[in-house]
Amino acid sequence: MNKIGKVFRSVPFASALALALVLIGATVATATAGTPNQIVGAVVLGLTSAGAGSALGAVIRARRRRPRR
């Protein structure tokens, strides 16, 4: 595995990515609150939160399933 692959499969990177996704979703939801487009903000927040949790869970699960040497 190359160095870039190790970075993408690390838990700290996945945690930072998850936090960034949630913050982006919250920013969009806040910007659209009280406007006719607030449903779009809610959908974006839901999708980014789901993506963040899925990405973090996939990395953690892959690390647990990898055989130890």
| If you measure from OG1 on Thr27 to CG on Leu45, what distance do you get to the nearest 0.5 Å? | 9.5 Å
| request: Mind listing the closest non-hydrogen atom pair of Val11 and Ile60 along with its distance? | output: CG2-CG1, 4.2 Å
| Can you name the nearest heavy-atom pair linking Ala29 to Gly41, along with the distance? | CB-O, 3.7 Å
| Are any non-hydrogen side-chain atoms of Val59 and Ser10 less than 4.5 angstrom apart? | no
| Among Thr48, Leu47, Val44, the one residue meeting side chain to side chain contact (heavy atoms under 4.5 Å, CB included) with Val28 | Val44
